[in-house]
Amino acid sequence: MSDKPLLEPSIALAAYAEPLLAGKRALIFGDALGPLAEQLLTRGARLVHVCDADPLRIAQAAARNTSTQLSFSPLTDGDLAVREASFELVLIDNLGLFDALSVLRKARRALTLRGAVLVACPNPDIGSPLLPTTDPRATALDYYALYDAVAAEFEHVRMLGQAPFVGYAIVDFSVSHEPEPALDTSFVPSGAEEPDIFLALGSMHELALDDYAVIQLPTRPLLEAAGSGGSDAELHKARAAERRARLRTAELEAALRRRPEPVSQVSATREIERLNHWISELEARATTADERADQAEAELEEALARSQGELAELKNKLETSERELGTVRVELSKRAAELKASTVELTQRESELKLARARTNELADSAERGVTDELGNAERQLQERGHEVRRLERDLRAAERTGRELVRELARRVQPSPESGLVRTLAEREADLRAAEWTIDSLTARVEQTPGEDASRPGSR
């Protein structure tokens, strides 16, 4: 059904996301004529729906589709509105071809609560990827722009890189068990190639997928698809044609020599000229192929030299970063030790503060109880003094009444005379004096009868 070659960078997405595909429904935002949809079905997807912004590709794909598990619709179609929360996996093979925020919002609405989205975006800093991924219509998004776009719609985001992997596999054919692969990256200076494509795995929950996956592709088609083997293939074809032409010429010459009837010299000459012309054309084509191969080799050497220079620059930057990182780690260790000491001291001070607060509360309770007891004693003493004062006041009033009665009695007994007024006044004054003396004596006696009262007063010594 697909007009596109099998080897495209997007097929690695199908291989990596295979654990999420078994019996699930998948949605693709990308090329309807690409191989990704068929790969998802091959790897276990139950249904695959493709949304493409190009109506012509949608029409061509729908016309050639014979599978009931595969469907297509334009990106602007309202068909997605009725498919909300219908897919367990969404794949976007090149986010730069879409309005990033809009298509990610549609992807989130189309996913179930346990679904995930896998978004690809070519690395704008890579000039010669393993397989062609550039598109003049695509918007360049770097690592951070891709992360920010996916993180705006999904709670959990894992960033990955799709880097080229080229090499040889050395396999023991005589082992009786399944061989365990050993990965050696010592020939790559940094341990891995620079990613051709940045990937973002977004979901509303944490997902467990492989941290490091190696996806093998067939070598010859890969080189032809990448364009690096085109000149060599053309050269091989030209040389093979030249060899066939030379063999054909030798066969014709031998046939002419074996023929019994005479052959026209003109016809033989024309045939030989035609064959020579054909050989000349083949040699010219071979020469052109050689020139193209030499040019490709020169471009490859130039790219290699440029890559080595960039690699040396990156190594210098890496060494500088490592030195700075070492300094930062030493500083962090020092700060961590200081923080630990401060934490220990703070814990000790908090313990001392708790003990001081407990002691303060204990002393406050004790002082409060002591003050309460002293106040109670003082109140009782004041009440007793008040009763005593009131009793003395009653006695004083009684003594005053007695004095006045004595004065009146004395006045009745004294005979009236010219001096009776003066005598009566003197008698009243004397009676008042006597009454006061009695009162003072009575109070003095009562005070003397209550010894130790001042000593029991609060604060007395």
Side-chain angles (χ1 to χ4, degrees), residues 7-22 24 26-31 34-37 39-40 43-45 87-98 100-101 103-104 107-108 110-111 114-135 138-167 181 183 185 188-217 222 314 318:
L7 294 181
E8 283 192 356
S10 61
I11 65 173
L13 301 181
Y16 183 73
E18 185 172 358
L20 306 176
L21 285 173
K24 303 298 177 60
L27 172 63
I28 298 174
F29 290 96
D31 190 348
L36 184 55
Q39 285 295 313
L40 295 184
R43 293 177 180 271
F87 300 95
E88 287 82 12
L89 179 65
V90 173
L91 294 177
I92 304 176
D93 60 5
N94 189 345
L95 186 61
L97 294 173
F98 304 94
L101 297 180
V103 75
L104 286 171
R108 179 176 56 82
L111 283 172
R114 305 295 295 177
V117 60
L118 186 58
V119 185
C121 190
N123 184 355
D125 297 328
I126 294 297
S128 300
L130 180 63
L131 288 173
T133 58
T134 58
D135 191 313
T139 303
L141 294 175
D142 60 9
Y143 176 95
Y144 301 100
L146 175 61
Y147 175 83
D148 292 340
V150 179
E153 296 295 334
F154 295 91
E155 182 176 353
H156 297 275
V157 180
R158 288 178 58 187
M159 296 301 295
L160 309 100
Q162 182 174 321
F165 188 95
V166 180
L183 183 64
T185 60
V188 182
S190 59
E193 299 285 356
E194 184 73 14
D196 287 350
I197 299 174
F198 291 128
L199 302 176
L201 179 63
S203 63
M204 303 308 293
H205 66 287
E206 293 186 3
L207 291 176
L209 286 178
D210 294 333
D211 298 326
Y212 195 114
V214 179
I215 302 167
Q216 185 176 10
L217 301 178
L222 174 65
L314 289 175
L318 179 61

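- Counting heavy atoms of neighbouring residues, nucleotides and ligands inside a 6.0 Å radius, atom OH of Y16 exceeds 12 of them.
- Considering only heavy atoms from C-beta on, L183 comes within 4.5 Å of F165 through its side chain.
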Exercise. How far apart are the C-alpha atoms of L146 and M159, what are their side-chain angles, what is the distance that settles it, and do they pass the side-chain contact (heavy atoms from CB on, under 4.5 Å) test?
Worked result: CA-CA 9 Å; L146 175 61; M159 296 301 295; 3.9 Å; yes
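- For the atom pair CD1 (I11) and CZ (R43), the distance works out to 8.0 Å, reported to the nearest 0.5 Å.
- In this structure, R114 and H205 have side chains that are in contact, with non-hydrogen atoms separated by less than 4.5 Å.
- Here the side chains of L13 and L199 are in contact, with some heavy-atom distance below 4.5 Å.
- Taking every heavy atom of both residues into account, N123 and P195 meet most closely at ND2-O, 3.0 Å.
- Remark: A152 engages no residue in a side chain to side chain contact (heavy atoms under 4.5 Å, CB included) (not counting sequence neighbours).
- Counting heavy atoms from C-beta outward, L89 and K24 have side chains that stay 4.5 Å or more apart.
- Distance check: S10 OG to I197 CD1 gives 8.0 Å after rounding to the nearest 0.5 Å.
- Rounded to the nearest 0.5 angstrom, Y143 OH and D125 CG are separated by 13.5 Å.
- Considering all non-hydrogen atoms of both residues, A107 and V117 come closest at CB-CG2, 4.4 Å.
- For the pair V150 and A200, the tightest heavy-atom approach, listed with the atom from each and the gap, is CG2-CB, 3.8 Å.
- To the nearest 0.5 angstrom, L36 atom CG is 6.5 Å from D93 atom CG.
- Nearest heavy-atom pair, A116 versus L20, reported as atom, atom and distance to 0.1 Å: CB-CD1, 4.4 Å.
- Between L104 and I92 there is a side-chain heavy-atom pair separated by less than 4.5 Å.
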Problem set entry | Full working for side-chain contact (heavy atoms from CB on, under 4.5 Å) between L97 and D31 | CA-CA 10 Å; L97 294 173; D31 190 348; over 6 Å; no
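- When all heavy atoms are compared, the tightest approach of A14 to L21 is O-CD1, 4.1 Å.
- The structure places OG of S203 at 11.0 Å from CG of L118, a figure rounded to the nearest 0.5 Å.
- Listed by first and then second residue, the salt bridge (Lys or Arg N to Asp or Glu O under 4.0 Å) pairs involving residues 143-153 are R105-E153, R108-E153 (not counting sequence neighbours).
- Identified under the salt bridge (Lys or Arg N to Asp or Glu O under 4.0 Å) test for residues 202-216, with sequence neighbours left out: R158-D211.
- Taking all atoms of both residues into account, the shortest heavy-atom contact from G96 to C121 is N-SG, 4.5 Å.
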